[in-house]
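Here's the structure we're looking at; comments come further down.
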Number of protein chains: 2
Amino acid sequence: MIPQNNRLWWERDDLGYKDGQLFFSGKSVTDLIGLTNTPAFFYSGRRIAANIERLHNALSQLDAYKIYYAIKANRFAPVLTYIKNNCLCGADICSPAELLHAFSCGFERSEISYTAHAMTNDELRLLADNPDVALNCDSLSTIRRLGQFCSNRKIGIRVNPAMGIGYRDNETLRYSGDKTTKFGIYREQFDEALRLAQENHLIVDTIHFHTGCGYLNNQLSILNEILDATHWFTDKVKDLKFVNLGGGLGVPHDADDAHLDLDAWAAVIKSHFGDKGLTICVEPGDYIVKDSGILVLEVNTVEKKRATDFIGVNGGFNLAIEPSFYGLPCEPVVLEQKTDKMKPVTVVGNINESLDVWKDNFPMPDQITEGDPLVFINAGGYASSMMSNHCMRGQVSENLLL
Amino acid sequence: MIPQNNRLWWERDDLGYKDGQLFFSGKSVTDLIGLTNTPAFFYSGRRIAANIERLHNALSQLDAYKIYYAIKANRFAPVLTYIKNNCLCGADICSPAELLHAFSCGFERSEISYTAHAMTNDELRLLADNPDVALNCDSLSTIRRLGQFCSNRKIGIRVNPAMGIGYRDNETLRYSGDKTTKFGIYREQFDEALRLAQENHLIVDTIHFHTGCGYLNNQLSILNEILDATHWFTDKVKDLKFVNLGGGLGVPHDADDAHLDLDAWAAVIKSHFGDKGLTICVEPGDYIVKDSGILVLEVNTVEKKRATDFIGVNGGFNLAIEPSFYGLPCEPVVLEQKTDKMKPVTVVGNINESLDVWKDNFPMPDQITEGDPLVFINAGGYASSMMSNHCMRGQVSENLLL
């Protein structure tokens, strides 16, 4: 936590301190946890709307575009219904259960885009029966088998431009690159994909690609190169209507990260596809929800072990896997600013695994005591949606703030 | 899969091919999946019993011992009731929900050992109210706070000998070592721990330590050094009755691993604590259940991408996290041996993440086709118990074979 202009790096109008008290989405976090036990997730409807609005503003420099929210990032039903009911955007789906869930939360089929890997025949039958759902096929096998269940259906082809992009060039967050991945159809098999689609009377109107996760301004030049490489594919599709860039737009995770400049991002897209009469589709997940959520835990242990000061809380990596496994921190912040004096601490969870560390050797105010709540920011995406009941410590509440 | 004496490395009497058909726990796997959809976990009661029996045989060279099964490895209720009902061993627990679950499956309080980190006050009250549960306190804070809720309770102290052990010396699987971890009380704070216990009228009768995960024969010399280091702690406890070595006993994960020689393991323990009138406690989890379970999935995609042959199945890392995140493979094996001809393939799951790879560049029979079941061995531990519903692909069945 490094103050910048009297504000910490993560503070913003709807998240920060007022008179030393933490506020989120217009509400005092102390008040919020008066109603619910910890561990508790809180999601800000206002922030979700603002993030989507920012995308709309940037993309409006294009002739036509669609935004599909990738619900795998956070599928909490009230969040989905809020997005749908306020007409903020459509939904990006990756499994039959997600499709039924999005429908159950109010989304129309025509507002849904579906991109999955290793699809079963049952899954393909479901998509054959629901032609209004935009379907992107990411393998020859999918195209061939879909053709057994329907014809004249419009489809997209997910391609793999063999180039990757990811947060700080993190390998685990790249979905394509030098190494051949399971995702999408490569140049080597693309002609066969088009032929298979034609043979099976499927109409290719979309080229889809998703090449990584969590990219920020530093990676925009890579995005430019990736878009450059996709023309090889788009040029081959006669009746192309849509180009779907997938998701991957990142948010800052610490003081060293700068926000993604959406206008610059949209300009890169426009420079490639601005004059072709195409509709550009994007599928952001984290960008919409990650900084719209906080996780509130409670400190139960403050203790020195050897020379290290530990802070133990009542929730672990099973509630938010990204800090331990992906190197994407959920920075812990205090509810009440009592002191400017900081000291390095190691914040750990209650799971019996050595990996269960929230933050290692991290400066925190030195007055944290047992019983204090501790707030973890950036917990709105890929936290509860990937949660497990490991050690049976998976009981949490989720709460949407409107 | 490298055949050894006409058998593959993982084959054994209750898991292997008969006339080219895969059998598990005396049953044809083809028959097993006739009743249930995939993804399906099957657990072998016989194998669980055999693994525990092997531990009993080895430990019988000690004067007195107790085995507690670490249920966090697999808490499927039928498995727990089977273990309890057949008097195979006690249960090791790490959370209030696990404690209630073990009780609900039939375990008596006196058969349960409880070791957790970052315990809440509610958790400590529960343990204060149930003094027959053996409780190991792993921090000063726990001892101090427990003392507020009870007195004259017997407790163990989890210590940290500052030495670690783990599968192939894998850092992520070591629970202690040079770096100070959250687990246990170090030498530097141990005198204070004893003093706190005495002040709070708590009776220390157990020293507990757990220093890593998945160790095999190659690591027995490290175990010896660790036990050597624990005397510093045990010598200081006047009324010591129990020494609890935790778990960490490993199973082979590929052809290069040798089984842990339990007699050699027990001999190491005996050499340290054989003549002290102590009861030795152990808390194996993986050792009991990991090779007692298989996960059956179905191949839906067989396809070359660029030059790589991919096999896509209807389940991913959300069902078994260890292959992707811990480097502990669940090796895929075929149901039916149709050919000796092998080719390298990459087996991938149906989760939209680049990490979702079961096995990369791995030799498999070259006649695998779409629709074939594929069996993943070593799926009995830390698979379903850590499962998530990521991408809403978490629907599985679990089945105990008796």
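Residue numbers begin at 1 in each chain, while the letters A, B, ... track the order of the sequences. Values reported hereafter were calculated over all heavy atoms of this structure, with side chains retained and with hydrogens, waters and symmetry mates removed.
Side chain of B:Lys359 to backbone of B:Val347: no donor-acceptor contact under 3.5 angstrom is found. In this structure a side-chain-to-backbone donor-acceptor pair under 3.5 Å is present from A:Ser324 to A:Leu355. Side-chain atoms of A:Gln189 come within 3.5 Å of backbone N or O of B:Arg306 as a donor-acceptor pair.
If you measure heavy-atom distances from A:Glu370 to chain B, the contacts under 4.5 Å come from the side chain alone. Neither the backbone nor the side chain of B:Glu298 comes within contact range of chain A; no heavy atom of the residue lies under 4.5 Å from a heavy atom of that chain. Interface residue A:Ile321: only side-chain heavy atoms are found under 4.5 Å from chain B. Looking at A:Arg187, there are no atoms closer than 4.5 Å to chain B (heavy atoms on both sides), in backbone or side chain. For A:Asn318, no part lies near chain B; criterion is any non-hydrogen pair under 4.5 Å. The part of B:Phe317 that comes within reach of chain A is its side chain, from C-beta onward, which places non-hydrogen atoms under 4.5 angstrom from that chain. B:Asn121 does not touch chain A: none of its heavy atoms, backbone or side chain, sits under 4.5 Å away. Of the two parts of B:Glu98, the backbone and the side chain both hold a non-hydrogen atom closer than 4.5 Å to a non-hydrogen atom of chain A.
Considering only heavy atoms from C-beta on, B:Thr301 comes within 4.5 Å of A:Arg145 through its side chain. The shortest distance between side-chain heavy atoms of B:Tyr114 and B:Met119 falls below 4.5 Å. With a 4.5 Å cut-off on side-chain heavy atoms, A:Met386 and B:Glu353 count as touching.
Ring orientation note: the planes of A:His390 and B:Tyr382 are nearly perpendicular, at an angle over 60° on the 30°/60° scale. By the 30° and 60° cut-offs, the orientation of the rings of A:Phe325 relative to B:Phe325 is perpendicular.
Interface summary for chain B: among A:Lys305, A:Met387, A:His117, the most heavy-atom pairs under 4.5 angstrom belong to A:Lys305. Chain B forms the most heavy-atom pairs under 4.5 Å with one residue out of A:Thr115, A:Ile311, A:Asp356, and that residue is A:Asp356. Annotation: maximal heavy-atom pairing with chain A below 4.5 Å, among B:Thr142, B:Asn314, B:Thr120, B:Asn389, occurs at B:Asn389. When the candidates A:Arg393, A:Glu188, A:Lys72 are compared by the number of heavy-atom contacts under 4.5 Å with chain B, A:Arg393 comes out ahead. Note: A:Ser95 leads A:Pro96, A:Ser95, A:Gly371, A:Gly312 in heavy-atom pairs under 4.5 Å with chain B. Between chain B and the options A:Ala97, A:Ser388, A:Ser385, A:Ser139, heavy-atom pairs under 4.5 Å are most frequent for A:Ser139. In terms of heavy-atom pairs under 4.5 angstrom with chain B, the leader among A:Ile71, A:Asp138, A:Ile185, A:Val299 is A:Asp138. Ranked by heavy-atom pairs shorter than 4.5 Å toward chain A, the options B:Val357, B:Thr346, B:Val302, B:Ile351 are led by B:Ile351.
In B:Phe149, the CZ atom is crowded: over 12 heavy atoms of neighbouring residues, nucleotides or ligands sit closer than 6.0 Å.
A:Ser141 OG to B:Lys304 NZ: the interatomic distance, rounded to the nearest 0.5 Å, is 15.0 Å.
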